[in-house]
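Bear in mind the structure is a predicted one, so any value in this text is a computation, not a measurement. As the structure lists them, so they are numbered: ligands from 1, and atoms in each ligand from 1.
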Amino acid sequence: MDIQVIYTGGTIGMVPSDKGLVPGISDEEMSKWLNGLMEGSEITAKIRLKSLDHLIDSSSATPHDWQTILDTIEENPADSYVILHGTDTMSYTAAALSFARAGDDTPVVLTGSQLPLIAADSDAGKNVIGAITAAFSPKTKGVCLYFGDYLLAGNRSSKTSSWGFNGFETPLAHPLAIAGVPWRWAAHSQSRDTQPLPWGKPAPYRQHDVAMIDLVPGITAQRLRALLAPAPEAVIIRAYGMGNCPSVEPGFVDVLAETVASGVPVVISSQCQLADVALSTYEAGRVLARAGCVGSADMTLEATYAKLIFLLSQGMNSEQVRQWLEKPICGELS
Ligand code: ASP
């Protein structure tokens, strides 16, 4: 069995510099470290390493970087993949990879670490061993994220801690597996959404202008209008609770209705991490549905954003975007 490790940057391979932590571990050093890690391991797979040409802090990642990872996977055929990635935007990348690879069960396991691998007390070794163990297991399907002790569905994950060794969670889905002796696998880890998708090989990710706006108590229609100028290609409104907005603020809903009418999809998400957006519940949400906005149901913010970029990259119009937002592509939505 061949496992292809793809190193994209992130804290895991960072070194201190006078500007702060920056990617700096060479290919040879990373290879040596990986070999050392696997010494004496029961995993019999052949592990190859490929470092991307431009290693980045994942806070600089763009949809082009998602595509580079997808292309690198294609160019390096293997039985499974481990992607070494910065933690800051790892859940966005995981969601993006899952949409582009929907229907393909080949394991792609993303991981990273809170501390560089050169730090004495780093979590890098444990996370990479866990990710390789997951990639080696026939139980792992599709795009997942391994961190701390947990194997998670990539497109349901969020970075929930900037410091904890269990820094990722799937707030609205159970973990796929918990590491231990032996690993404990959830029954649902084996059941994958296999609905047929109308696109064959998806078009590559391209940069799209998708805005994300957080509501705050006291936000005015004027401020909202200003935040939407010039008009983006789509907008995610981080509303309250089940998807409610200040419906009594004069003109507020009108701004969103005009935005929808101009062909810009408006997606209503929630500031709650444990959210299931249901616009029909309150008057303060129903007005948004009437204005043509679409709720993100229980998708994470990361999955909602990556899905919009995916759908726009497929050249869909606003009506098609709207329809696909409400349909699961690969388990991102209950
Ligand atoms: N800023 C880093 C990154 O996302 C954080 C990390 O990897 O933990 O690349």
K.L.:
Using a strict cut-off of 4.0 Å, indicate which atoms of ligand 1 neighbour a heavy atom of Gly10.
P.N.:
7 (O), 9 (O)
K.L.:
Can you confirm, on distance only, whether ligand 1 has an N/O atom lying under 3.5 Å from any N/O atom belonging to Lys159?
P.N.:
no
K.L.:
Is it true that Arg156 and Glu332 make a salt bridge, defined as a side-chain N closer than 4.0 Å to a carboxylate O?
P.N.:
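Salt bridge absent between Arg156 and Glu332.
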K.L.:
Taking distance alone, with N or O pairs closer than 3.5 Å, would you say Thr89 contacts ligand 1?
P.N.:
no
K.L.:
Check this for me, if you would: do Arg101 and Asp104 make a salt bridge, where the nitrogen-to-carboxylate-oxygen distance has to be below 4.0 angstrom?
P.N.:
yes
K.L.:
Between ligand 1 and Gly167, can you find any atom pair, the residue atom being a heavy atom, that is separated by under 4.0 Å?
P.N.:
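Distance cut 4.0 Å: Gly167 fails for ligand 1.
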K.L.:
For atom 5 (C) of ligand 1, which protein heavy atom lies nearest, and how many Å away is it?
P.N.:
Thr11 OG1, 3.1 Å
K.L.:
Measure the distance from atom 9 (O) of ligand 1 to every protein heavy atom, then report the residue, atom name and distance (to 0.1 Å) of the closest one.
P.N.:
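Here the nearest protein heavy atom works out to Ser58 N, 2.7 Å.
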K.L.:
Are Tyr7 and Trp33 an aromatic pair by the rule of ring centers under 6.0 Å?
P.N.:
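No.
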K.L.:
Between the candidates Thr87, Asp123, Leu55, which shows the shortest non-hydrogen contact distance to atom 8 (O) of ligand 1?
P.N.:
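Selected option, by shortest heavy-atom distance: Thr87.
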K.L.:
Is any side-chain heavy atom of Ile129 closer than 4.5 Å to one of Met38?
P.N.:
yes
K.L.:
Checking side-chain polar atoms at under 3.5 Å, does His85 have a donor or acceptor matched by the opposite partner on Thr8?
P.N.:
no
K.L.:
Would you say Asp57 and ligand 1 have an N/O pair spaced under 3.5 Å apart?
P.N.:
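Yes, there is a polar N/O contact under 3.5 Å.
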K.L.:
Check each of Thr8, Ile12, Asp88 against atom 1 (N) of ligand 1 and report the one with the nearest heavy atom.
P.N.:
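Nearest heavy atom to atom 1 (N) of ligand 1 lies in Asp88.
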K.L.:
What about Tyr146 and Trp183, are their ring centers closer than 6.0 Å?
P.N.:
yes
K.L.:
For His208 versus Ile309, what's the shortest heavy-atom pair and its separation?
P.N.:
O-CD1, 3.8 Å
